[in-house]
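Scroll down for the structure; my scribbles are underneath it.
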Amino acid sequence: MARSFVGEARRRGLGRRRERIGPIVARLADEHADAEIALRFGSDVELLISVMLSAQTTDANVNRVTEQLFRKYRRPEDYLAVTQEELERDVYATGFFRQKAKSIRGSMRVLLEEFDGSVPRRVDDLLRLPGVARKTANVVAAELGDAQGIVVDTHVRRLSQRLGLTRHDDPVKIERDLVRIVPRADWARFPHLLIWHGRRVCHARTPRCETCVLADLCPSARLTAS
Ligand code: SF4
């Protein structure tokens, strides 16, 4: 288990998680008003495919690939009208191209057979699509305006631990802790706020605690910069 800053928050008298979460969200929202998903898409299907392609690569790389991809493939049927090999070539630059092409084709088939070609809103339905795991399903549902959980990626995990919002290392357990304290209305934007704060301020190796707007709320302020 990762080093826990939950107890450190108590020792420093910073208040309980439930008391700190409101100001944490408000300050991050002020600081990162532009925090939103970095993937570019023009429809629900394009959103789903972008998120599927983003596994193990950067959003910028996915955007480079999808700029061409979405010109060629406009509807779910289009992904099934080509061979597996052709789609593999078209998504090659995102890495893991064989598995991604297979998952995309499988998902498009299920969309057409079970959901009239539309992307479902419910996480439970999204999880029925081949190759769609919980993180992908949570991202898609949140972007479609119906967040049913909190996305936990590497930034969300690191910042949640440093801020003493969880003692856990496992993403599923971290999500369970976060949904208990983050107001439901903030479930969609909360991960974006942590991701952008992680990219800009709370870097993995050298967090910039001296300029961080959360320093007086953060039990690991200055302790992690070693
Ligand atoms: S105070 Fe430091 S460790 Fe805490 S969130 Fe800010 S940058 Fe990260």
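Start at 1 and go down the list; that is how both ligands and their atoms are numbered. From a predicted model like this one, the values you see are computed outputs, not experimental measurements.
Annotation: Asp34, atom CG; neighbour count of heavy atoms from other residues, nucleotides and ligands within 6.0 Å is above 12. Counted within 6.0 Å of NZ on Lys72, heavy atoms from surrounding residues, nucleotides or ligands total more than 12; the atom is thus considered enclosed.
Atom numbering of ligand 1 starts at 1 in the shown order; those under 4.0 Å from a heavy atom of Pro207 are 7 (S). Atoms of ligand 1 lying under 4.0 Å from at least one heavy atom of Ala221, given by number and element, are 1 (S). Taking every non-hydrogen atom of Ala215 and a distance limit under 4.0 Å, the qualifying atoms of ligand 1 come out as 1 (S).
For a distance bound of 2.8 Å, the N, O or S atoms of Cys212 include one lying that close to atom 6 (Fe) of ligand 1. Here Cys218 does not reach atom 8 (Fe) of ligand 1: none of its N/O/S atoms is less than 2.8 Å from the metal.
Scanning Cys209, Gly164, Ser220 for the heavy atom closest to atom 2 (Fe) of ligand 1 points to Cys209.
With 3.5 Å as the limit, one finds a donor-acceptor pair spanning the side chains of Arg200 and His32.
Cluster partners of Val182 are Ile21, Ile24, Val25, Leu28, Ile150, Val152, Val156, Leu159, Leu163, Leu165, Ile174, Leu178, Val179, Ile181, Trp187, Phe190, Leu193, Leu194, Ile195, Val213, Leu214, Leu217, counting Ile, Leu, Val, Met, Phe, Trp and Tyr whose side-chain heavy atoms approach within less than 4.5 Å, directly or via other members.
Partners of Tyr92 according to the ring-ring contact (aromatic ring centres under 6.0 Å, His included) rule, which considers only residues two or more places apart in sequence or in another chain, are Phe97.
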